[in-house]
Number of protein chains: 2
Amino acid sequence: MDLFISKFFNKIDKKGRVSLPSSFRNVLPKSNRNEIILYKSIKSPSIEGCGVGRLKEIAKRINNLDFFSEDYDDFSTSIFSEIVTSNIDKEGRFLIPEDLKQYANIKTEAAFFGQGHFFQIWEPKTGLKNTLTSRKRLLEQKKSLRMILTQQK
Amino acid sequence: MDLFISKFFNKIDKKGRVSLPSSFRNVLPKSNRNEIILYKSIKSPSIEGCGVGRLKEIAKRINNLDFFSEDYDDFSTSIFSEIVTSNIDKEGRFLIPEDLKQYANIKTEAAFFGQGHFFQIWEPKTGLKNTLTSRKRLLEQKKSLRMILTQQK
DNA sequence: TATATACCCATTGACGCCCATATATTCCCA
DNA sequence: TGGGAATATATGGGCGTCAATGGGTATATA
């Protein structure tokens with residue numbers, strides 16, 4: 001499986017380490033399994049993460065913008081300076097930078113939610129609450145959801 | 001990782017030395033890890049820096065501007081004539097020239113912001129303020145930011 | 001000679017690597 | 001097919017290494 005799916009709840013130890021769920025580790029390319037990138041989610045108080053390969057794609061896209069435009073700086077600043085890399089140790093653990101933990105209000109436990117091509121890290125209670133409201137929103141538009149689910153390609 | 005990413009806040013000591021963040025040093029080519037170039041940013045009160053190899057890329061981008069426009073001369077002059085080189089010592093530190101420090105209003109601490117193929121050095125508070133306004137501008141065009149971050153190839 | 005800069009050494013704290021354990025899962029063989 | 005062994009995962013902790021920082025001294029340059 002090459003997608004981040006399912007959810008996991010792991011503890012953060014005294015040193016600040018937390019295990020990246022094993023199934024998530026397996027999504028990372030064999031060529032670079034010991035590094036991930038993390039950044040603040042735009043839409044929610046959570047951290048988003050994925051393999052570094054994605055970053056290179058992003059870099060390429062930004063590089064194609066007009067170098068002397070204001071947009072270039074905005075993208076470049078908001079993305080490159082806000083993204084951090086984190087190394088995964090031999091046991092599959094990594095460190096979440098302090099400011100990101102604060103942003104997501106994460107203290108002693110982290111909830112990992114698969115999102116397909118990336119994943120989110122939440123404070124457990126907040127994350128669970130979010131899945132509920134998220135699902136509720138979907139059910140309120142059940143009709144369109146059914147359309148998507150049953151639609152044939 | 002071969003990109004300047006994330007942000008770091010380092011102190012400037014009595015001798016004027018400041019550590020180039022370790023991860024930034026690793027971006028510099030192994031062949032020339034003890035020299036960087038610095039110049040005043042055109043768009044903000046900050047210093048931009050990169051490895052000397054990047055000079056060619058800068059030249060190319062300026063060359064792509066309309067040769068007979070006013071911009072051409074202005075950019076060309078403001079950038080090339082202002083570029084300085086700085087040596088990195090054995091401990092990974094370098095000196096920021098006095099006029100550049102003044103331009104960016106840097107006193108005792110420097111904030112390094114990754115920008116992909118180059119980096120910026122800011123007075124910490126000013127730099128943080130800039131990331132906020134920059135992000136705000138982008139959120140006003142949320143769609144385009146999401147495109148860059150989540151778009152699949 | 002005075003000032004600036006490079007090299008050397010030292011300190012501190014953070015992080016990576018190694019080893020250990022407990023629990024869960026898979027595998028294998030009788 | 002049941003049970004035990006091997007394996008994998010999450011978690012805890014010791015310790016060495018490296019990054020950031022401070023300062024002394026030599027060297028160079030004006």
Side-chain angles (χ1 to χ4, degrees), chain A residues 1 4-28 30 32-38 49 52 84-102 106-114 119 121-124 127, chain B residues 1 4-28 30 32-38 49 52 84-102 106-114 119 121-124 127:
Chain A
M1 175 60 58
F4 299 104
I5 57 172
S6 191
K7 51 176 179 285
F8 305 88
F9 300 84
N10 290 344
K11 286 174 189 167
I12 297 176
D13 70 17
K14 280 184 270 183
K15 294 183 178 180
R17 299 174 300 189
V18 61
S19 289
L20 185 67
S22 168
S23 80
F24 282 17
R25 296 201 293 271
N26 291 329
V27 178
L28 305 175
K30 296 155 298 302
N32 195 355
R33 280 237 159 116
N34 51 8
E35 197 174 22
I36 53 172
I37 63 172
L38 302 171
V52 292
V84 300
T85 64
S86 191
N87 293 324
I88 299 175
D89 71 16
K90 296 270 166 81
E91 282 74 32
R93 294 172 290 194
F94 68 101
L95 295 171
I96 306 177
E98 213 31 65
D99 59 326
L100 291 187
K101 276 199 285 195
Q102 278 183 22
I106 291 173
K107 302 274 167 54
T108 61
E109 196 178 11
F112 294 81
F113 291 86
F119 58 88
I121 312 174
W122 288 76
E123 188 283 320
Chain B
M1 177 58 54
F4 298 103
I5 59 173
S6 191
K7 50 175 180 282
F8 304 88
F9 300 85
N10 289 345
K11 285 173 189 169
I12 298 176
D13 69 18
K14 279 183 268 182
K15 297 181 179 180
R17 300 174 298 189
V18 62
S19 289
L20 185 67
S22 167
S23 80
F24 282 17
R25 296 202 293 270
N26 291 329
V27 178
L28 304 175
K30 293 156 298 300
N32 192 358
R33 281 237 159 116
N34 50 10
E35 196 175 21
I36 53 172
I37 62 173
L38 302 171
V52 289
V84 298
T85 66
S86 188
N87 293 323
I88 299 174
D89 72 15
K90 296 271 166 81
E91 282 75 32
R93 295 173 289 195
F94 68 102
L95 296 170
I96 305 176
E98 213 32 66
D99 60 325
L100 291 186
K101 275 200 285 195
Q102 277 182 23
I106 291 172
K107 302 274 168 51
T108 61
E109 197 179 10
F112 293 82
F113 290 86
F119 58 88
I121 312 174
W122 288 75
E123 187 282 319

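Just so it is clear, the structure is predicted and the values come from calculations on it, not from any experiment. Every chain is numbered from 1 and lettered A, B, ... according to where its sequence line falls, protein lines coming before strand lines.
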ask   = Whole Å only: how far is the CD1 atom of A:Ile88 from the P atom of C:dC17?
value = 12 Å
inquiry  = Is there, by distance only and without an angle test, a donor paired with an acceptor across the side chain of B:Glu91 and the base of D:dC18 below 3.5 Å?
reply    = no
ask   = More 5' along DNA chain D: A:Phe9 or B:Arg17, using each one's nearest nucleotide?
value = A:Phe9
task = Nearest whole angstrom, please: distance from the P of D:dA19 to the CZ of B:Phe24.
result = 15 Å
message = Heavy atoms only, 4.0 Å cut-off, all strands: where does B:Ser19 land among base, sugar-phosphate and nothing?
response = base
query = Quick one: is D:dA10 close enough that its OP1 or OP2 comes under 4.0 Å of any side-chain N or O from A:Arg25?
reply = yes
ask   = Is the phosphate of C:dT5, meaning OP1 or OP2, less than 4.0 Å from a side-chain N or O of B:Asn87?
value = no
task = Let me know the distance between CZ of B:Phe94 and P of D:dA20, rounded to the nearest Å.
result = 12 Å
query = B:Lys14 near the nucleic acid: base, sugar-phosphate alone, or nothing, with a heavy-atom cut-off under 4.0 Å?
reply = sugar-phosphate
ask   = Side chain of B:Lys15, base of D:dG24: donor and acceptor closer than 3.5 Å?
value = yes
message = Can you measure B:Asp89 atom CG to D:dA19 atom P for me and round it to whole angstrom units?
response = 13 Å
request  = Over 60° means perpendicular and under 30° means parallel, so classify the ring planes of B:Phe112 and B:Phe94, tilted if in between.
outcome  = perpendicular
Short side-chain N/O contact from B:Lys90 to OP1 or OP2 of C:dC8, under 4.0 Å = yes
ask   = Is there a donor N/O on one and an acceptor N/O on the other, under 3.5 Å, for the side chain of A:Arg93 and the base of C:dG16?
value = no
inquiry  = Categorize B:Leu20 for me: base, sugar-phosphate, or nothing, with a 4.0 angstrom heavy-atom threshold over every strand shown.
reply    = sugar-phosphate
